[in-house]
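Naming convention: chains lettered A, B, ... in sequence-line order (proteins, then strands); numbering from 1 in each chain. Basis for what follows: all heavy atoms, side chains included, without hydrogens, waters or symmetry-related copies.
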Number of protein chains: 2
Amino acid sequence: MPDATNPPASVLTRRTFRRAPGDERRQDLIRATLDCVTEMGLHAVTVREIALRAGVTNGLIRHYFDSKDRMVQEAYRATMGEMTTLVKAASIIAGATARERLRRFVAANLGAPVADIKRLTLWASFISMVHVDAAMAAIHREHYLAFRRELEALVGEVFVEAGLPARKANCRRAAIKINAVIDGLWLEGTLAPEMFAKKDLVAMGIEAVESILGLSLRDFRKEK
Amino acid sequence: MPDATNPPASVLTRRTFRRAPGDERRQDLIRATLDCVTEMGLHAVTVREIALRAGVTNGLIRHYFDSKDRMVQEAYRATMGEMTTLVKAASIIAGATARERLRRFVAANLGAPVADIKRLTLWASFISMVHVDAAMAAIHREHYLAFRRELEALVGEVFVEAGLPARKANCRRAAIKINAVIDGLWLEGTLAPEMFAKKDLVAMGIEAVESILGLSLRDFRKEK
DNA sequence: GCACCTGTTATGCAACTGTATAATTAGCCC
DNA sequence: GGGCTAATTATACAGTTGCATAACAGGTGC
(Lines give C-alpha, C1' and ligand atoms only; values in the text may rest on other atoms or scores of the structure.)
Protein backbone atom coordinates (compact mmCIF):
# COMPACT_ATOMS: atom_id res chain seq x y z
CA MET A 1 0.00 0.00 0.00
CA PRO A 2 2.50 2.65 -1.13
CA ASP A 3 1.65 6.27 -0.47
CA ALA A 4 3.23 9.65 -1.14
CA THR A 5 5.73 9.48 1.68
CA ASN A 6 6.56 5.85 1.05
CA PRO A 7 6.92 5.24 -2.69
CA PRO A 8 7.11 1.61 -3.77
CA ALA A 9 10.78 1.99 -4.61
CA SER A 10 11.64 -1.65 -4.97
CA VAL A 11 8.99 -4.27 -4.56
CA LEU A 12 10.44 -5.70 -1.42
CA THR A 13 11.42 -2.65 0.63
CA ARG A 14 9.92 -2.01 3.99
CA ARG A 15 8.19 1.24 4.69
CA THR A 16 10.59 3.73 6.20
CA PHE A 17 9.66 5.35 9.49
CA ARG A 18 10.97 7.58 12.21
CA ARG A 19 10.86 6.96 15.92
CA ALA A 20 8.73 9.66 17.48
CA PRO A 21 10.21 11.28 20.58
CA GLY A 22 8.48 11.52 23.95
CA ASP A 23 4.77 10.85 23.82
CA GLU A 24 4.34 12.55 20.47
CA ARG A 25 3.13 9.36 18.82
CA ARG A 26 0.71 8.76 21.66
CA GLN A 27 -0.74 12.22 21.16
CA ASP A 28 -0.99 11.62 17.43
CA LEU A 29 -2.90 8.42 18.01
CA ILE A 30 -5.32 10.09 20.39
CA ARG A 31 -5.84 12.94 17.99
CA ALA A 32 -6.45 10.49 15.16
CA THR A 33 -8.96 8.65 17.33
CA LEU A 34 -10.85 11.86 18.02
CA ASP A 35 -10.86 12.76 14.34
CA CYS A 36 -12.27 9.37 13.46
CA VAL A 37 -15.04 9.57 16.05
CA THR A 38 -15.85 13.07 14.86
CA GLU A 39 -16.08 12.19 11.21
CA MET A 40 -17.44 8.67 11.21
CA GLY A 41 -19.07 8.18 14.56
CA LEU A 42 -17.89 5.95 17.36
CA HIS A 43 -19.62 2.91 15.91
CA ALA A 44 -17.58 3.08 12.71
CA VAL A 45 -14.16 3.68 14.23
CA THR A 46 -11.58 0.97 13.59
CA VAL A 47 -8.01 0.64 14.70
CA ARG A 48 -6.93 0.45 11.08
CA GLU A 49 -8.55 3.76 10.21
CA ILE A 50 -7.02 5.39 13.25
CA ALA A 51 -3.58 4.09 12.35
CA LEU A 52 -4.01 5.30 8.79
CA ARG A 53 -4.78 8.82 9.97
CA ALA A 54 -1.91 8.83 12.42
CA GLY A 55 0.38 7.73 9.60
CA VAL A 56 1.42 4.46 11.18
CA THR A 57 0.55 0.79 10.76
CA ASN A 58 -2.14 -0.68 12.93
CA GLY A 59 0.10 -2.95 14.91
CA LEU A 60 1.63 0.07 16.58
CA ILE A 61 -1.56 0.89 18.39
CA ARG A 62 -1.19 -2.11 20.61
CA HIS A 63 2.29 -0.94 21.46
CA TYR A 64 0.90 2.21 23.03
CA PHE A 65 -2.47 1.09 24.33
CA ASP A 66 -3.63 -2.12 25.97
CA SER A 67 -6.65 -2.27 23.73
CA LYS A 68 -8.84 -0.24 21.45
CA ASP A 69 -11.25 0.41 24.31
CA ARG A 70 -8.44 1.76 26.44
CA MET A 71 -7.41 4.09 23.67
CA VAL A 72 -10.94 5.40 23.31
CA GLN A 73 -11.05 6.07 27.04
CA GLU A 74 -7.85 8.06 26.85
CA ALA A 75 -9.29 10.00 23.96
CA TYR A 76 -12.34 10.83 26.06
CA ARG A 77 -10.16 12.05 28.88
CA ALA A 78 -8.16 14.15 26.46
CA THR A 79 -11.10 15.87 24.84
CA MET A 80 -12.75 16.72 28.15
CA GLY A 81 -9.48 18.04 29.50
CA GLU A 82 -9.15 20.20 26.42
CA MET A 83 -12.55 21.74 26.90
CA THR A 84 -11.84 22.47 30.54
CA THR A 85 -8.59 24.14 29.60
CA LEU A 86 -10.24 26.29 26.98
CA VAL A 87 -12.90 27.54 29.37
CA LYS A 88 -10.43 28.18 32.15
CA ALA A 89 -8.11 30.11 29.88
CA ALA A 90 -10.95 32.35 28.81
CA SER A 91 -12.31 33.08 32.25
CA ILE A 92 -9.29 33.33 34.50
CA ILE A 93 -8.03 36.85 34.03
CA ALA A 94 -6.16 38.74 36.67
CA GLY A 95 -7.82 41.68 38.31
CA ALA A 96 -11.28 41.02 36.97
CA THR A 97 -14.32 41.02 39.19
CA ALA A 98 -16.08 37.75 39.90
CA ARG A 99 -19.02 38.96 37.86
CA GLU A 100 -16.81 39.59 34.88
CA ARG A 101 -15.21 36.17 35.22
CA LEU A 102 -18.54 34.42 35.46
CA ARG A 103 -19.71 36.25 32.39
CA ARG A 104 -16.64 35.16 30.51
CA PHE A 105 -17.07 31.66 31.79
CA VAL A 106 -20.54 31.51 30.29
CA ALA A 107 -19.44 33.15 27.07
CA ALA A 108 -16.50 30.79 26.68
CA ASN A 109 -18.77 27.79 26.99
CA LEU A 110 -21.21 29.07 24.41
CA GLY A 111 -18.81 30.44 21.83
CA ALA A 112 -16.12 29.03 19.59
CA PRO A 113 -14.14 26.87 19.93
CA VAL A 114 -16.09 25.11 22.68
CA ALA A 115 -19.50 25.34 21.05
CA ASP A 116 -18.53 23.32 18.05
CA ILE A 117 -20.38 20.49 16.39
CA LYS A 118 -17.31 18.28 16.25
CA ARG A 119 -16.75 18.69 19.94
CA LEU A 120 -20.39 17.96 20.61
CA THR A 121 -20.20 14.82 18.49
CA LEU A 122 -17.29 13.62 20.56
CA TRP A 123 -19.04 14.46 23.78
CA ALA A 124 -22.25 12.67 22.80
CA SER A 125 -20.34 9.62 21.60
CA PHE A 126 -18.58 9.29 24.91
CA ILE A 127 -21.63 10.09 27.02
CA SER A 128 -23.44 7.27 25.27
CA MET A 129 -20.83 4.93 26.73
CA VAL A 130 -21.22 6.02 30.33
CA HIS A 131 -23.98 3.53 30.99
CA VAL A 132 -22.15 0.72 29.23
CA ASP A 133 -18.56 1.14 30.33
CA ALA A 134 -17.61 1.74 33.94
CA ALA A 135 -14.31 3.34 33.01
CA MET A 136 -16.09 5.91 30.89
CA ALA A 137 -18.47 6.59 33.76
CA ALA A 138 -15.54 7.33 36.05
CA ILE A 139 -14.04 9.76 33.56
CA HIS A 140 -17.35 11.52 33.15
CA ARG A 141 -17.85 11.85 36.87
CA GLU A 142 -14.38 13.21 37.39
CA HIS A 143 -14.82 15.98 34.84
CA TYR A 144 -18.38 16.83 35.78
CA LEU A 145 -17.39 17.34 39.39
CA ALA A 146 -14.39 19.45 38.49
CA PHE A 147 -16.54 21.63 36.29
CA ARG A 148 -19.21 22.11 38.89
CA ARG A 149 -16.76 22.72 41.69
CA GLU A 150 -15.19 25.49 39.66
CA LEU A 151 -18.58 27.00 38.92
CA GLU A 152 -19.62 26.72 42.56
CA ALA A 153 -16.57 28.63 43.72
CA LEU A 154 -17.16 31.32 41.14
CA VAL A 155 -20.78 31.69 42.18
CA GLY A 156 -19.65 32.04 45.79
CA GLU A 157 -17.33 34.86 44.84
CA VAL A 158 -20.08 36.59 42.94
CA PHE A 159 -22.38 36.41 45.95
CA VAL A 160 -19.73 37.79 48.27
CA GLU A 161 -18.92 40.55 45.82
CA ALA A 162 -22.58 41.51 45.72
CA GLY A 163 -22.72 41.63 49.48
CA LEU A 164 -24.96 38.60 49.69
CA PRO A 165 -24.51 35.61 51.99
CA ALA A 166 -22.64 32.83 50.23
CA ARG A 167 -23.95 29.77 52.03
CA LYS A 168 -22.57 26.61 50.55
CA ALA A 169 -25.94 24.97 49.86
CA ASN A 170 -27.09 28.05 48.00
CA CYS A 171 -23.94 28.21 45.92
CA ARG A 172 -24.30 24.57 45.00
CA ARG A 173 -27.93 24.93 44.01
CA ALA A 174 -27.15 27.96 41.87
CA ALA A 175 -24.17 26.22 40.30
CA ILE A 176 -26.28 23.21 39.37
CA LYS A 177 -28.86 25.42 37.71
CA ILE A 178 -26.28 27.48 35.89
CA ASN A 179 -24.47 24.37 34.78
CA ALA A 180 -27.76 23.15 33.35
CA VAL A 181 -28.37 26.38 31.44
CA ILE A 182 -24.89 26.31 29.99
CA ASP A 183 -25.11 22.67 28.96
CA GLY A 184 -28.55 23.11 27.48
CA LEU A 185 -27.74 26.21 25.47
CA TRP A 186 -24.51 24.62 24.33
CA LEU A 187 -26.52 21.71 23.00
CA GLU A 188 -29.21 23.81 21.38
CA GLY A 189 -26.85 26.30 19.83
CA THR A 190 -24.42 23.72 18.57
CA LEU A 191 -26.95 21.28 17.18
CA ALA A 192 -28.93 23.96 15.36
CA PRO A 193 -26.43 26.77 14.80
CA GLU A 194 -28.41 28.32 11.97
CA MET A 195 -31.22 29.10 14.40
CA PHE A 196 -29.20 31.36 16.65
CA ALA A 197 -26.96 34.30 16.10
CA LYS A 198 -23.79 33.55 18.05
CA LYS A 199 -24.04 36.66 20.14
CA ASP A 200 -27.66 35.91 20.86
CA LEU A 201 -26.80 32.57 22.38
CA VAL A 202 -24.26 34.10 24.71
CA ALA A 203 -26.66 36.91 25.57
CA MET A 204 -29.39 34.45 26.46
CA GLY A 205 -26.96 32.48 28.58
CA ILE A 206 -25.93 35.50 30.55
CA GLU A 207 -29.50 36.69 30.95
CA ALA A 208 -30.59 33.30 32.24
CA VAL A 209 -27.71 33.18 34.69
CA GLU A 210 -28.57 36.65 35.92
CA SER A 211 -32.17 35.57 36.43
CA ILE A 212 -31.10 32.52 38.39
CA LEU A 213 -28.71 34.47 40.59
CA GLY A 214 -31.10 37.38 40.92
CA LEU A 215 -28.42 39.93 40.11
CA SER A 216 -26.72 41.62 37.20
CA LEU A 217 -23.39 40.42 35.88
CA ARG A 218 -22.51 43.74 34.37
CA ASP A 219 -19.22 44.98 35.66
CA PHE A 220 -19.92 48.52 36.73
CA ARG A 221 -16.33 49.33 37.49
CA LYS A 222 -15.39 48.73 33.91
CA GLU A 223 -18.47 49.59 31.98
CA LYS A 224 -18.81 52.93 33.64
CA MET B 1 -28.58 -23.13 17.46
CA PRO B 2 -31.58 -24.71 19.21
CA ASP B 3 -33.21 -22.81 22.03
CA ALA B 4 -36.02 -23.37 24.50
CA THR B 5 -38.84 -22.59 22.12
CA ASN B 6 -37.27 -24.52 19.29
CA PRO B 7 -35.78 -27.75 20.54
CA PRO B 8 -33.59 -29.67 18.12
CA ALA B 9 -36.31 -32.33 17.72
CA SER B 10 -34.96 -34.07 14.70
CA VAL B 11 -31.71 -32.97 13.17
CA LEU B 12 -33.28 -31.74 9.99
CA THR B 13 -36.36 -29.85 11.15
CA ARG B 14 -36.73 -26.21 10.44
CA ARG B 15 -37.49 -23.79 13.20
CA THR B 16 -41.23 -23.19 13.50
CA PHE B 17 -42.52 -19.64 13.37
CA ARG B 18 -45.64 -17.56 13.19
CA ARG B 19 -46.38 -14.75 10.81
CA ALA B 20 -46.77 -11.59 12.83
CA PRO B 21 -49.84 -9.52 11.96
CA GLY B 22 -49.76 -5.84 11.04
CA ASP B 23 -46.52 -4.11 11.88
CA GLU B 24 -46.06 -6.03 15.09
CA ARG B 25 -42.82 -7.57 13.92
CA ARG B 26 -41.56 -4.19 12.82
CA GLN B 27 -42.23 -2.81 16.29
CA ASP B 28 -40.50 -5.79 17.86
CA LEU B 29 -37.43 -5.17 15.76
CA ILE B 30 -37.32 -1.50 16.65
CA ARG B 31 -37.75 -2.31 20.32
CA ALA B 32 -34.97 -4.88 20.10
CA THR B 33 -32.74 -2.31 18.41
CA LEU B 34 -33.34 0.17 21.20
CA ASP B 35 -32.63 -2.46 23.83
CA CYS B 36 -29.36 -3.33 22.14
CA VAL B 37 -28.22 0.28 21.90
CA THR B 38 -29.15 0.79 25.53
CA GLU B 39 -27.30 -2.21 26.85
CA MET B 40 -24.29 -2.48 24.58
CA GLY B 41 -23.85 0.91 23.00
CA LEU B 42 -24.41 1.85 19.39
CA HIS B 43 -20.92 0.74 18.41
CA ALA B 44 -21.54 -2.83 19.51
CA VAL B 45 -24.99 -3.31 17.98
CA THR B 46 -25.22 -6.00 15.32
CA VAL B 47 -28.12 -7.19 13.24
CA ARG B 48 -27.64 -10.67 14.62
CA GLU B 49 -27.99 -9.55 18.20
CA ILE B 50 -31.07 -7.52 17.33
CA ALA B 51 -32.64 -10.48 15.58
CA LEU B 52 -31.85 -12.70 18.53
CA ARG B 53 -33.64 -10.37 20.91
CA ALA B 54 -36.59 -10.00 18.63
CA GLY B 55 -36.80 -13.76 18.43
CA VAL B 56 -36.26 -14.03 14.69
CA THR B 57 -33.40 -14.92 12.41
CA ASN B 58 -31.22 -12.15 11.10
CA GLY B 59 -32.25 -12.45 7.48
CA LEU B 60 -35.67 -11.13 8.39
CA ILE B 61 -34.33 -7.71 9.21
CA ARG B 62 -33.63 -7.00 5.60
CA HIS B 63 -37.20 -7.92 4.82
CA TYR B 64 -38.43 -5.02 6.95
CA PHE B 65 -35.66 -2.47 6.61
CA ASP B 66 -33.49 -1.43 3.70
CA SER B 67 -30.38 -1.60 5.82
CA LYS B 68 -29.14 -1.61 9.37
CA ASP B 69 -28.65 2.15 9.21
CA ARG B 70 -32.23 2.65 8.16
CA MET B 71 -33.43 0.56 11.05
CA VAL B 72 -31.39 2.60 13.50
CA GLN B 73 -32.91 5.77 12.09
CA GLU B 74 -36.40 4.41 12.62
CA ALA B 75 -35.45 3.47 16.15
CA TYR B 76 -34.31 7.03 16.77
CA ARG B 77 -37.59 8.39 15.48
CA ALA B 78 -39.47 5.97 17.69
CA THR B 79 -37.63 6.80 20.89
CA MET B 80 -37.94 10.54 20.42
CA GLY B 81 -41.63 10.20 19.65
CA GLU B 82 -42.05 8.18 22.80
CA MET B 83 -40.45 10.85 24.96
CA THR B 84 -42.61 13.54 23.43
CA THR B 85 -45.70 11.46 24.08
CA LEU B 86 -44.74 10.88 27.70
CA VAL B 87 -44.23 14.56 28.38
CA LYS B 88 -47.40 15.58 26.61
CA ALA B 89 -49.46 13.04 28.47
CA ALA B 90 -48.18 14.36 31.77
CA SER B 91 -48.75 18.03 31.05
CA ILE B 92 -51.97 18.17 29.07
CA ILE B 93 -54.68 18.04 31.67
CA ALA B 94 -58.05 19.60 31.18
CA GLY B 95 -59.00 22.60 33.25
CA ALA B 96 -55.52 23.28 34.58
CA THR B 97 -53.98 26.72 34.48
CA ALA B 98 -51.08 27.36 32.14
CA ARG B 99 -48.81 27.70 35.14
CA GLU B 100 -49.83 24.30 36.40
CA ARG B 101 -49.27 22.77 33.01
CA LEU B 102 -45.84 24.31 32.64
CA ARG B 103 -44.92 23.03 36.06
CA ARG B 104 -46.03 19.56 35.11
CA PHE B 105 -44.17 19.86 31.84
CA VAL B 106 -40.93 20.55 33.69
CA ALA B 107 -41.60 17.83 36.26
CA ALA B 108 -42.40 15.26 33.58
CA ASN B 109 -39.10 15.95 31.85
CA LEU B 110 -37.09 15.61 35.03
CA GLY B 111 -38.78 12.61 36.59
CA ALA B 112 -39.30 8.97 35.68
CA PRO B 113 -39.71 7.59 33.12
CA VAL B 114 -38.17 10.35 31.00
CA ALA B 115 -35.17 11.01 33.22
CA ASP B 116 -33.76 7.54 32.83
CA ILE B 117 -30.22 6.48 32.10
CA LYS B 118 -31.32 4.08 29.39
CA ARG B 119 -33.21 6.78 27.62
CA LEU B 120 -30.26 9.12 27.95
CA THR B 121 -27.97 6.48 26.50
CA LEU B 122 -30.24 6.18 23.49
CA TRP B 123 -30.46 9.91 23.11
CA ALA B 124 -26.69 10.41 23.30
CA SER B 125 -26.05 7.59 20.85
CA PHE B 126 -28.34 9.15 18.32
CA ILE B 127 -27.16 12.71 18.91
CA SER B 128 -23.64 11.56 18.21
CA MET B 129 -24.84 10.62 14.73
CA VAL B 130 -26.36 13.96 13.85
CA HIS B 131 -23.11 15.31 12.50
CA VAL B 132 -22.33 12.15 10.58
CA ASP B 133 -25.67 11.15 9.12
CA ALA B 134 -27.92 13.66 7.39
CA ALA B 135 -31.02 11.53 7.96
CA MET B 136 -30.38 11.56 11.69
CA ALA B 137 -29.92 15.32 11.58
CA ALA B 138 -33.32 15.71 9.96
CA ILE B 139 -34.98 13.59 12.62
CA HIS B 140 -33.30 15.56 15.38
CA ARG B 141 -34.36 18.85 13.89
CA GLU B 142 -37.94 17.75 13.50
CA HIS B 143 -38.28 16.74 17.14
CA TYR B 144 -36.36 19.65 18.55
CA LEU B 145 -38.61 22.10 16.75
CA ALA B 146 -41.76 20.31 17.85
CA PHE B 147 -40.57 20.34 21.44
CA ARG B 148 -39.70 24.00 21.42
CA ARG B 149 -42.88 25.01 19.62
CA GLU B 150 -44.89 23.32 22.33
CA LEU B 151 -42.90 25.02 25.03
CA GLU B 152 -43.18 28.37 23.30
CA ALA B 153 -46.97 28.12 23.18
CA LEU B 154 -47.12 27.15 26.82
CA VAL B 155 -44.93 30.09 27.81
CA GLY B 156 -47.21 32.38 25.84
CA GLU B 157 -50.20 31.15 27.75
CA VAL B 158 -48.42 31.62 31.05
CA PHE B 159 -47.62 35.22 30.13
CA VAL B 160 -51.20 35.95 29.12
CA GLU B 161 -52.49 34.34 32.27
CA ALA B 162 -50.21 36.54 34.34
CA GLY B 163 -51.45 39.61 32.55
CA LEU B 164 -48.13 40.18 30.82
CA PRO B 165 -47.62 40.95 27.14
CA ALA B 166 -46.89 37.73 25.20
CA ARG B 167 -44.82 39.04 22.32
CA LYS B 168 -43.61 36.24 20.11
CA ALA B 169 -39.92 37.14 20.35
CA ASN B 170 -40.11 37.14 24.12
CA CYS B 171 -41.88 33.82 24.23
CA ARG B 172 -39.27 32.30 21.98
CA ARG B 173 -36.39 33.60 24.02
CA ALA B 174 -37.92 32.33 27.22
CA ALA B 175 -38.69 28.98 25.64
CA ILE B 176 -35.10 28.59 24.48
CA LYS B 177 -33.78 29.30 27.94
CA ILE B 178 -36.28 27.01 29.62
CA ASN B 179 -35.54 24.30 27.14
CA ALA B 180 -31.88 24.65 28.05
CA VAL B 181 -32.53 24.35 31.76
CA ILE B 182 -34.66 21.28 31.25
CA ASP B 183 -32.12 19.60 29.00
CA GLY B 184 -29.23 20.47 31.28
CA LEU B 185 -30.89 19.27 34.47
CA TRP B 186 -32.08 16.17 32.70
CA LEU B 187 -28.48 15.43 31.79
CA GLU B 188 -27.04 16.20 35.19
CA GLY B 189 -29.70 14.35 37.12
CA THR B 190 -29.69 11.31 34.91
CA LEU B 191 -25.94 10.93 34.57
CA ALA B 192 -25.31 11.33 38.28
CA PRO B 193 -28.56 10.28 39.93
CA GLU B 194 -26.94 9.59 43.28
CA MET B 195 -26.06 13.25 43.59
CA PHE B 196 -29.61 14.54 43.55
CA ALA B 197 -32.77 13.66 45.35
CA LYS B 198 -35.42 13.27 42.68
CA LYS B 199 -37.68 15.90 44.17
CA ASP B 200 -34.76 18.25 44.45
CA LEU B 201 -34.06 18.06 40.75
CA VAL B 202 -37.65 18.91 39.87
CA ALA B 203 -37.67 21.68 42.47
CA MET B 204 -34.53 23.22 41.02
CA GLY B 205 -36.00 23.01 37.55
CA ILE B 206 -39.15 24.81 38.55
CA GLU B 207 -37.23 27.43 40.50
CA ALA B 208 -34.98 28.11 37.55
CA VAL B 209 -37.93 28.42 35.20
CA GLU B 210 -39.62 30.81 37.60
CA SER B 211 -36.47 32.93 37.71
CA ILE B 212 -36.26 33.02 33.95
CA LEU B 213 -39.90 33.96 33.54
CA GLY B 214 -39.82 36.35 36.46
CA LEU B 215 -42.99 34.92 37.96
CA SER B 216 -44.22 32.16 40.20
CA LEU B 217 -45.62 28.94 38.81
CA ARG B 218 -47.63 28.18 41.89
CA ASP B 219 -51.25 27.72 41.09
CA PHE B 220 -53.05 29.89 43.58
CA ARG B 221 -56.50 28.75 42.56
CA LYS B 222 -55.68 25.23 43.60
CA GLU B 223 -53.17 25.67 46.36
CA LYS B 224 -55.42 27.54 48.69
C1' DG C 1 -58.23 -28.97 0.66
C1' DC C 2 -55.67 -26.63 -2.54
C1' DA C 3 -53.02 -22.93 -4.35
C1' DC C 4 -50.83 -18.85 -3.81
C1' DC C 5 -48.50 -15.09 -1.64
C1' DT C 6 -45.14 -13.45 1.28
C1' DG C 7 -43.20 -13.61 5.89
C1' DT C 8 -39.61 -16.38 7.63
C1' DT C 9 -35.66 -19.53 7.94
C1' DA C 10 -31.26 -21.26 6.58
C1' DT C 11 -26.96 -20.82 4.55
C1' DG C 12 -23.21 -18.68 2.35
C1' DC C 13 -19.91 -15.10 1.25
C1' DA C 14 -16.55 -11.63 0.97
C1' DA C 15 -14.97 -8.05 3.57
C1' DC C 16 -13.62 -6.52 7.82
C1' DT C 17 -12.47 -6.71 12.89
C1' DG C 18 -9.25 -6.61 17.08
C1' DT C 19 -5.37 -8.73 18.44
C1' DA C 20 -0.99 -11.70 18.53
C1' DT C 21 3.52 -12.44 16.89
C1' DA C 22 7.84 -12.20 14.54
C1' DA C 23 10.87 -9.69 11.74
C1' DT C 24 13.00 -5.25 10.96
C1' DT C 25 15.35 -0.92 11.76
C1' DA C 26 15.94 3.93 13.72
C1' DG C 27 18.33 6.28 16.91
C1' DC C 28 21.07 6.54 21.08
C1' DC C 29 25.16 5.42 24.05
C1' DC C 30 29.84 4.40 24.52
C1' DG D 1 30.95 3.08 14.09
C1' DG D 2 29.19 -0.95 16.22
C1' DG D 3 26.03 -2.80 18.97
C1' DC D 4 21.51 -2.54 21.94
C1' DT D 5 17.03 -1.42 22.73
C1' DA D 6 12.58 -0.66 21.74
C1' DA D 7 9.67 1.71 18.32
C1' DT D 8 7.78 0.27 14.16
C1' DT D 9 6.43 -2.67 10.27
C1' DA D 10 4.51 -6.74 8.33
C1' DT D 11 1.72 -10.64 8.36
C1' DA D 12 -1.35 -13.90 10.03
C1' DC D 13 -5.48 -15.59 12.37
C1' DA D 14 -9.83 -16.66 14.11
C1' DG D 15 -14.02 -14.61 14.77
C1' DT D 16 -17.47 -11.34 13.30
C1' DT D 17 -19.91 -8.31 10.24
C1' DG D 18 -23.76 -6.72 6.94
C1' DC D 19 -25.96 -8.40 3.29
C1' DA D 20 -27.60 -11.68 -0.56
C1' DT D 21 -30.02 -15.57 -1.97
C1' DA D 22 -32.80 -19.63 -2.19
C1' DA D 23 -35.58 -22.79 0.03
C1' DC D 24 -39.43 -23.26 3.03
C1' DA D 25 -44.02 -22.84 5.34
C1' DG D 26 -47.86 -20.11 7.71
C1' DG D 27 -51.98 -18.25 6.75
C1' DT D 28 -55.62 -16.54 3.70
C1' DG D 29 -59.04 -16.92 -0.01
C1' DC D 30 -61.51 -19.77 -2.52
Measure CD1/B:Ile61 against C1'/C:dT8 and give the value in whole Å, please.
13 Å

Give a yes/no answer on whether the side chain of A:His63 brings an N or O atom under 4.0 Å of OP1 or OP2 in D:dA7.
yes

Selected nucleotide, minimal atom distance to B:Tyr64 side chain, candidates C:dT8, D:dC13, D:dT8:
C:dT8

Atom pair distance, as rounded to whole Å: CG in B:Leu52 and P in C:dA10:
13 Å

With the side chain of A:Phe17 defined as its heavy atoms from C-beta on, choose the nearest nucleotide among C:dA26, D:dA20, C:dT9.
C:dA26

CH2 on A:Trp123 to CG on A:Asp116, rounded to 0.5 Å
14.0 Å

Would you kindly say whether B:Glu49 and B:Asn58 are connected by a side-chain donor-acceptor distance under 3.5 Å?
no

So if I apply the salt bridge (charged side-chain N to carboxylate O under 4.0 Å, His left out) rule between A:Glu82 and each of A:Arg77, A:Arg119, A:Lys88, which one comes out positive?
A:Arg119

Do you know the tightest heavy-atom contact between A:Thr79 and A:Leu122?
OG1-CD1, 3.5 Å

Separation of C:dC16 atom P from A:His43 atom NE2, nearest Å, is 15 Å

Whole angstrom is fine here: how far is it from CZ in B:Arg15 over to C1' in C:dG7?
13 Å

Which listed nucleotide (D:dC19, C:dG7, C:dT17) is nearest to the side chain of B:Arg62?
D:dC19

Candidates D:dC19, C:dT9, D:dT8 - which lies nearest the side chain of B:Leu60
C:dT9

Do the charged groups of B:Glu152 and B:Lys168 touch, with an N to O distance under 4.0 Å?
no

5'-most by nearest nucleotide on DNA chain D - A:Asn58 or B:Asp66
A:Asn58

Any idea which of D:dT9, D:dA7, C:dT17 is nearest the A:Thr46 side chain?
C:dT17

Is there a donor on the side chain of A:Arg14 or the base of D:dT9 sitting less than 3.5 Å from an acceptor on the other?
yes

Separation of atom CD in A:Gln27 from atom P in D:dA7, rounded to whole Å
15 Å

Just how far, in rounded Å, is P of D:dG18 from CZ of B:Phe65?
15 Å

Touch check for A:Arg48, heavy atoms < 4.0 angstrom, all strands: base, sugar-phosphate only, or nothing?
base

Which of these nucleotides, D:dA6, C:dT17, C:dC13, is closest to any side-chain atom of A:Arg19?
D:dA6

Provide, to the nearest angstrom, the distance between the CD atom belonging to A:Glu49 and the P atom belonging to D:dT17.
20 Å

Nucleotide D:dT17, atom C1' - distance to CE of B:Met71 in whole Å
13 Å

Both A:Lys68 and B:Arg18 contact DNA chain C. Which one's nearest nucleotide lies toward the 5' end?
B:Arg18

